[in-house]
Amino acid sequence: MLYAGIDIGSLTGKAVIMKDDDLISSSIIQVKRNPVLTSELVYTDALSKTGFTPDEIDYCVGTGYGRERIPYINKSLSEISCHGRGAFFLNNAIRSIIDVGGQDCKVISIDEYGELVDFRMNEKCAAGTGRYLEIMADLLGLALPELGAISLKSKTPISLSSECSIYAQSEVLNYISRKIKKADIAAGINHAMAQRVHKMTEKINLQPKFTITGGVAKNVGVVKALERLMKVEFQSLSIDSQLIGALGAAIFAKSYW
Amino acid sequence: MSATNFLDFSSLLRNAHLTEWIQNHKKVIGFYCSSIPEEIIHAAGMLPYRIRATNNLNYNLADSLLSQFNCSYVKSTLNLIMEDKYNFLNGIVIANTCDHVRRMYDIYKHKLNKNSQNPIALFFLSLPHLFDENGWLWVREELKLFQEQLSRNLNIEIDERKIQETNHLYKRNQELIRKIMEFRILPEPKLNGVDFLKISIANSSVRKEYANEKLEQLIMYYQQDEGPKIENVRARLMLLGSSIDNPAFIQILEHHGAIVVSDLLCTSERWGLKDPLWHYDNWNSEDPYYPIIQRIYGDCFCPRIMNGHSLRMNLIKQRIKEAKIDGIILQRLEFCDLHGCENMLIQQEMEEINGTPILSIDREYLLGDTGRLRTRVEAFLERLERS
């Protein structure tokens with residue numbers, strides 16, 4: 001049997017194709033001008049690597065903020081449930097998932113069956129999301145993926161006093177004008193981001209083991225800072241952290257079939 | 001006009017009944033809070049109109065008079081007032097029941113009335129924040145003062161007979177609302193949360209003679225065998241917290257197949273509460289003010305009553321059973337002090353002790369970011385389905 005999970009986020013579209021219990025193809029693309037187009041392109045790309053056509057897919061679940069706009073899915077589910085299910089599928093010892101995406105951050109608690117127990121999601125604010133890192137990387141003249149690695153070289157990280165993305169920009173500009181090293185500024189940015197996420201993790205009863213998913217999980221600086229703040233070690237997952245929501249959707253597709 | 005047309009009154013500030021009332025040169029008095037003695041305004045031959053923020057789009061004007069730390073609901077109403085959308089009001093009654101609403105008295109007194117060619121009558125009610133004998137007597141005194149001020153300022157006679165007649169009318173209105181509340185909690189509800197809020201909003205925007213006629217028609221409509229019913233309800237929700245006058249918010253909660261079957265909001269179900277929350281025994285029930293004091297004070301579900309928390313909790317638990325609630329949506333307008341503390345306590349007690357799942361939402365009045373809200377609600381429903 002063939003199943004698909006499609007996750008249309010704010011910055012990227014993701015697709016996972018599964019044959020029975022095996023992930024056989026996936027795709028990640030930057031979002032296009034509308035969620036419908038993104039969903040079609042990412043699905044086509046993932047399928048093209050398998051030789052299967054959309055008609056051969058037995059069940060497809062959509063998730064992400066654009067889930068209701070995906071025209072070809074059989075069902076939509078929240079990305080909160082999907083991230084929980086995807087992470088659990090890869091490591092069934094995981095009980096807590098921190099998903100930091102492009103425009104939001106979720107802290108998810110699941111039980112021993114991978115079922116959603118509780119969650120928290122950030123309020124309407126860019127701080128603590130991938131967008132914050134994007135803005136800061138841009139200010140530093142770095143590509144987004146560089147922000148994590150460069151921060152590990154820091155000896156004396158700066159401290160950002162404001163949580164607000166807008167005010168933090170002024171602070172970062174100030175540090176840049178004072179010729180502070182990029183590594184130190186990047187470390188301060190990642191730490192501020194981790195602090196913001198850490199506050200959310202304290203609002204909910206989380207059990208070990210922990211993992212981190214979403215695009216921000218690729219920023220090693222944020223991950224290390226969050227591990228220090230939470231005093232935990234994140235379990236690494238065997239596939240790209242951005243695909244976990246789409247993977248969860250595909251797992252759900254199998255259960256709904 | 002069909003019975004359900006009454007619901008459309010919620011989407012306009014000037015409904016057909018109000019327009020006709022104004023055309024006949026009759027007066028309209030605005031108010032914000034359920035603890036305002038509408039009955040006295042009604043007995044004075046005026047239309048008590050609950051101020052709301054319907055169709056407000058921004059805070060551009062209101063931002064000049066209220067800070068960024070003020071409630072966005074109150075700010076929205078001020079924006080509409082400054083856009084002249086409430087120019088049909090002849091007066092306004094403010095109480096010390098919410099600090100953000102309270103600011104509206106100062107704004108009217110020191111800004112709006114001073115800059116207006118047609119200043120409106122201003123009334124202020126001081127109401128207690130505790131249930132006790134002194135509070136009861138205090139409210140009695142305030143009602144008397146309010147009645148005198150209303151008579152004097154607007155040159156209107158209000159006698160006790162008129163108040164008693166009005167009390168009967170208001171009692172009937174509450175009974176009718178209660179009857180409609182029963183349709184909400186049926187295994188297959190006759191109406192959803194959106195429609196009940198629309199009815200409640202419409203009910204607070206017209207004279208009660210008119211409202212009662214419309215509510216009776218609605219009851220007949222819902223009672224029909226072939227009348228509406230909602231099948232395959234995904235989850236039965238209770239909605240608690242700050243004021244809501246915008247059905248679109250509840251529409252988001254109900255978008256994925258859940259139904260808000262009970263709400264206990266001050267703009268909605270609190271009007272039809274069945275049993276008194278608190279009662280002062282040593283009082284003459286023949287007093288024409290008696291039913292008013294009971295409604296605005298003894299039945300006051302508002303968290304401003306500091307020693308009423310356990311009574312409110314008992315009522316929530318009772319309502320959870322009656323309405324067979326699966327989960328609670330606990331929402332708070334940003335900077336709402338009253339529901340800030342109360343929601344925290346409700347969350348602790350209901351979720352940790354009572355075991356009722358809760359989704360807690362902080363929101364602004366204007367619905368800008370509905371995608372995030374939809375995700376949270378959908379995840380909450382998925383959680384309920386698996387628990």
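Chain A is the first sequence line, chain B the second, and so forth, proteins listed ahead of strands; every chain is numbered from 1.
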How about Lys209(A): does its NZ atom have over 12 heavy atoms from other parts shown lying under 6.0 Å from it? no
The interface call for Glu334(B) against chain A, heavy-atom contacts under 4.5 Å, is neither
Rounded to the nearest 0.5 Å, how far apart are NZ of Lys106(A) and OG1 of Thr375(B)? 6.5 Å
Test item: Glu382(B) side-chain N/O and Leu77(A) main-chain N/O as donor-acceptor pair under 3.5 Å: no
Nearest-0.5 Å distance that lies between atom OG in Ser360(B) and atom CE in Met121(A): 14.0 Å
To the nearest 0.5 Å, how far apart are CZ in Arg376(B) and CD1 in Ile80(A)? 8.0 Å
Does this structure show an ion pair linking Arg383(B) with Glu115(A), if we count only N-O contacts that are shorter than 4.0 Å? no
In this structure, are over 12 heavy atoms from other groups packed under 6.0 Å from Tyr167(A) atom OH? no
With a 4.5 Å heavy-atom cut-off, do Leu116(A) and Phe380(B) have their side chains touching? no
If you take all heavy atoms of Ser76(A) and Glu378(B), which pair is closest and at what distance? O-OE2, 3.4 Å
For Leu381(B), is it the side chain, the backbone, both or neither that has a heavy atom under 4.5 Å from a heavy atom of chain A? neither
Quick check against the 3.5 Å criterion: does Arg372(B) have a side-chain atom that pairs as donor or acceptor with the backbone of Gln103(A)? yes
